Amino acid sequence: MVTGRTDIAELELTELEHAVCELGVERFHARQMYRWVHRRGLERFDGMTDLSVTLRRQLETALTLTTPRIAARDQSSDGTEKFLFRLADQRTIESVFIPDTPAQTFCVSTQVGCAMRCGFCLTGQMGLVRNLTAGEIAGQVRVLARELHLQDRRFNVVLMGMGEPLHNYEATMKALRMLATPEGLALTPRRVTLSTIGMAPALERLAREPWLPNLAVSLHATTDAVRHALIPTSRKQRLADLVAACRRFPLKHRDCITFEYVLLAGVNDTEADAHRLVKLLRGLRAKVNLIPLNEAPGIPFSRPPDLHVDRFARILASGKIIVSVRKSRGRDIRAACGQLIVEGGPHQSPGQQAAAMVRS
Ligand code: SAH
């Protein structure tokens, strides 16, 4: 960045092939380099041991390789781990590793801060500082995979860290393509979930992508008045239009859209809300993930009592909606937001699901 040299962390494989050809280097070396960077998480050219020493020197002088640096690492008593990354311009972002849910899950950020300003979210209070680059988004995954020795294992990625992925559309989609590349981590779309407040035009654009992640939409309300109050930046969009855009979203066989719903005491957790939600989502291949608020100083809302969470969930379940309650993990290290445990599923009856939820 500073040197004006091309940063290979920002390149998809085809772009990297192009860049090495421009240097007069044979194209096939790009695959080797891509493997070192994206699969092995290497940070320097000199470790690329299947390239000749001369070639490594040449690459080092002509190109750069930027990797987010781990500035701090905190482990929760429940195994959740929060990573603080320092970027090249000294800005910091957070990523979270959530083990055994039963999958291994990485929760990554797409922006420094966020412009959406959801009233219950700490990141929203920061405002947007800047977008992350594709290399910074994919970089969180490759460093986590390396540090946790999961490079050759299966893991999921959820874009539920800091930021609104559809507000940083190009970089997010490029990062997903970089991660999907077989020479890299070969992360298939099935194992990625993009969480968004869901602006309809961006959803329509996403729907046309050849490389489609699972979709999670942050709904949080059943009336326009409440949603607009909670998410000021959603004011131009009616809830009915958002749900209509979701109905048009192409779903593969047996897939469904997840609707996230942060439960705020006395604001959106009433029985009437639950019934309206059933009506709103009727006929949609949907599941609802209830997230009892993670309270924090400066957030002017409170978490409903478990009894209300349970009541809300039971109404959804009896309305034939698949429902889960997100269990907040890592709360002791303030890593709770965006952590997911799915209890219940399509194979369970609503009664069983409700029973499973009581324990959270
Ligand atoms: N911008 C994306 C990703 C944000 S974080 C989105 O809005 O979907 C992922 C989820 O955590 C969102 O559903 C978000 O609303 C939720 N969330 C934010 N703050 C929270 C809090 N304090 N407690 C519980 N969930 C929260």
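Since this is a predicted model, take the numbers as computed values, not measurements. In listed order, ligands and their atoms are each counted from 1.
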Would Arg39 pass as a cation-pi partner of Tyr34, given that its NZ or CZ must be under 6.0 Å from the six-membered ring centre and within 45 degrees of the axis?
no

[atom1] of [X] to [atom2] of [Y]: how many Å apart, nearest 0.5 Å?
| X | Y | atom1 | atom2 | result |
| --- | --- | --- | --- | --- |
| Leu239 | Thr222 | CG | OG1 | 7.5 Å |
| Cys107 | Phe97 | SG | CZ | 12.5 Å |
| Thr110 | Glu164 | OG1 | CD | 7.0 Å |
| Glu94 | Leu122 | CD | CG | 9.5 Å |

Answer with side chain, backbone, both or neither: which part of [X] has a heavy atom less than 4.0 angstrom from an atom of ligand 1?
| X | result |
| --- | --- |
| Val262 | side chain |
| Leu122 | neither |
| Met116 | neither |
| Glu164 | both |

Which of the ligand 1 atoms, numbered from 1, are nearer than 4.0 Å to a heavy atom of [X]:
| X | result |
| --- | --- |
| Met160 | 5 (S), 9 (C) |
| Leu293 | 21 (C), 22 (N), 23 (N) |
| Cys121 | 18 (C), 19 (N) |
| Thr196 | 6 (C), 8 (O) |
| Ile291 | 24 (C), 25 (N) |

Between Glu260 and Asn289, is there a side-chain donor-acceptor contact under 3.5 Å, judged purely by atom types and distance?
no

Does Gly163 come within less than 4.0 Å of ligand 1, judged by its heavy atoms?
yes

Relative to the ring of Phe120, is the ring of His220 parallel (under 30°), tilted (30 to 60°) or perpendicular (over 60°)?
perpendicular

Residue selection (non-hydrogen contact nearest atom 7 (O) of ligand 1) among Thr193, Val158, Ile197, Leu219
Ile197

For atom 4 (C) of ligand 1, which candidate among Ser109, Gly119, Gly161, Gly124 provides the closest heavy atom?
Gly161

In the structure I gave you, are the side-chain heavy atoms of Ile321 and Phe259 within less than 4.5 Å of one another anywhere?
no

What pair of heavy atoms forms the shortest contact from Met162 to Thr123, and how long is it?
CB-CG2, 3.8 Å

N or O pair under 3.5 Å between His220 and ligand 1
yes

